[in-house]
Amino acid sequence: MQKILVTGGAGFIGSGFVRTQLRDYPDQHIVVLDKLTYSGNLDNLKDLDQNRYTFIQGDVNDPECVGKALEGCEGIVHFAAESHVDRSLSGASDFIDTNVGGVNTLLSQARELDIKRILLVSTDEVYGSVLEGSSVEDSPIVPRNPYSASKAAGELLGVSYFESFGMPIVITRGSNTYGPYQYPEKVLPLFISNAIDNEALPLYGDGKNVRDWLHVEDHCSGIDFVFRKGEPGQAYNIAGENERENIFLTKRILSLLGKPESLIRYVEDRTGHDRRYSIDSSKLKKLGWAPKIDFDEGIKLTVQWYQENEWWWRKIKSGEFKAYYEEHYRKRLEESTSE
Ligand code: NAD
Ligand code: DAU
């Protein structure tokens, strides 16, 4: 494909995808459509050759803007979303507008065009909390928070456009992603940057919730495989195969930074906090994909990146984020315990 549309390309994973696509497909041009919400950031694309992509600031829920962005595009990779579970618990309207309405607007605009492939980026959270075993693509979809419910709704809408209109839609469900350029509301960059500043690390509940960690480059290569080789109408899990309790990850960050475990504060849990996510990506592996980045090495490199790129996250943490942090964590931290 000569020209593709990447929505949400100024976010964490979207910018990683733009970066790896430009590296791996020298003849491909990318149109990035991004609203630049609080988590969108042009600094994430700063190191890339501007001749290779076109940036359009706009909303995926604006038909005119989407129509313009789609001109001449042969494929779509749809990342744009409200992505943070905690924020969805404080108010879900933006999540419904973007994660459900945005999919509808994008697909209705694409319907009349000759688009070869449309990939909707979804999440392992649609399976809900998985206490035992691992979810496969046919497992029940039982999201348990407004964010994951909105992502599940977006997916189902996508399947309906495949069934009703034969649109070439594929879906990916990725695990918790980590790496450079992640907005520091998410646990890993939050804990790394707090630890660098000798500030408390607010660990929810008993710290024993389990997440499966997937490096952003592996997530992007999984998306690329499904985009180019996946079967229309199908969903594919993308697992990192690195299930760890949050407390394990927290201690690893502190140890890599040479900081004391006394920075860990146990705080009031997230409401409805999913205990464990676990997915099986055998289906994607049959297409030839496998994660490449070793977890220990990936975490080490990620911690190092945030140490070496304070220019990137300090700007964010001194802006909108400050008010969010105060509102979300102040009371929690006042009432926190050390075990
Ligand atoms: P992010 O919050 O870092 O980036 C989201 C991007 O979407 C931002 O650049 C933002 O400006 C843009 N955006 C938001 N609303 C928009 C709108 N209405 N119109 C246009 N642009 C808009 O999120 P992320 O972590 O990079 O996640 C990207 C995608 O991957 C999301 O669909 C998310 O559900 C999915 N996902 C994330 C993870 C993870 O661990 N981060 C794992 C699995 C799936
Ligand atoms: O699983 C994929 C999902 O991973 C994506 O779909 C979401 O977009 C992404 O945000 C992420 O969701 P999580 O809720 O798992 O990520 P978060 O970084 O918010 O939290 C990871 C774990 O860490 C979770 O168990 C909650 C815990 N946590 C998080 C924060 C922000 C804490 O203990 N303290 C915190 O301050």
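Both ligands and their constituent atoms are indexed starting at 1 by order of listing.
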Select one of side chain, backbone, both or neither to describe which atoms of Asn176 lie under 4.0 Å from any atom of ligand 2, heavy atoms only.
both
Of the backbone atoms (N, CA, C, O) and the side-chain heavy atoms from C-beta on, which set of Leu190 has a member under 4.0 Å from an atom of ligand 2: side chain, backbone, both, or neither?
side chain
Counting from 1, what ligand 2 atoms have a heavy atom of [X] closer than 4.0 Å?
X	value
Asp124	1 (O), 2 (C)
His84	19 (O)
Val85	14 (O)
Tyr277	1 (O)
Tyr329	30 (C), 31 (C), 35 (C), 36 (O)
His273	24 (C), 25 (O), 26 (C)
Leu203	33 (O)
Ser83	7 (C), 8 (O), 9 (C), 10 (O)

Proximal candidate to atom 19 (O) of ligand 2 [heavy atom criterion; set Arg270, Arg173, Arg211]
Arg270
Pick from Arg265, Glu125, Arg332: the one approaching atom 12 (O) of ligand 2 most closely through a non-hydrogen atom:
Glu125
Can you tell me how far [atom2] of [Y] sits from [atom1] of [X], rounded to the nearest 0.5 angstrom?
X	Y	atom1	atom2	result
Arg173	Lys283	CZ	NZ	8.0 Å
Arg19	Ile13	CZ	CD1	13.0 Å
Thr123	Ile279	OG1	CD1	8.0 Å
Lys229	Leu284	NZ	CG	10.0 Å
Ser338	Tyr266	OG	OH	9.0 Å
His78	Ile118	NE2	CD1	10.5 Å

Tell me whether the rings of Tyr324 and Phe321 are parallel (<30°), tilted (30 to 60°) or perpendicular (>60°).
tilted
Ring geometry between Tyr306 and Trp312 (parallel below 30°, tilted from 30 to 60°, perpendicular above 60°):
perpendicular
pair Leu33-Val60: side-chain heavy atoms closer than 4.5 Å
yes
Per-pair distances, 0.1 Å, donor-acceptor, side chain in residues 245-259, under 3.5 Å, sequence neighbours excluded:
residue, atom, partner, partner atom, Å
Thr250, OG1, Asn246, O, 2.7
Arg252, NH1, Asp296, OD1, 2.6
Lys259, NZ, Asn198, OD1, 2.8

Closest protein heavy atom to [atom], given as residue, atom name and distance to 0.1 Å:
atom	result
atom 27 (C) of ligand 2	Asn246 ND2, 3.5 Å
atom 34 (N) of ligand 2	Pro202 O, 2.8 Å
atom 28 (N) of ligand 2	Tyr204 CD1, 3.4 Å
atom 5 (C) of ligand 2	Tyr147 OH, 3.6 Å
atom 18 (O) of ligand 2	Val187 N, 2.8 Å

Looking at Tyr38, Trp313, Phe12, which hits ring-ring contact (aromatic ring centres under 6.0 Å, His included) with Tyr183?
Tyr38
Heavy atom of Glu185 under 4.0 Å from ligand 2?
yes
If the condition is ring pair (Phe, Tyr, Trp, His ring centres under 6.0 Å), which residues does Tyr161 pass it with, not counting sequence neighbours?
Phe165
Shared-cluster residues of Leu89, by chain and number - hydrophobic side chains joined below 4.5 Å
Val85, Phe95, Tyr147
Step-by-step salt bridge (charged side-chain N to carboxylate O under 4.0 Å, His left out) determination, Asp218 to Lys292
CA-CA 6 Å; Asp218 282 332; Lys292 287 198 180 122; over 6 Å; no
Under the salt bridge (charged side-chain N to carboxylate O under 4.0 Å, His left out) rule, what do Glu64 and Lys68 come out as? Steps first, then yes or no, please.
CA-CA 6 Å; Glu64 211 175 300; Lys68 192 168 156 260; over 6 Å; no
The protein residues that pass the under-4.0 Å heavy-atom test against ligand 1 are Gly8, Ala10, Gly11, Phe12, Ile13, Asp34, Lys35, Leu36, Thr37, Ser39, Gly40, Gly58, Asp59, Val60, Phe79, Ala80, Ala81, Ser83, Thr98, Val121, Ser122, Thr123, Tyr147, Lys151, Gly174, Ser175, Asn176, Thr177, His219
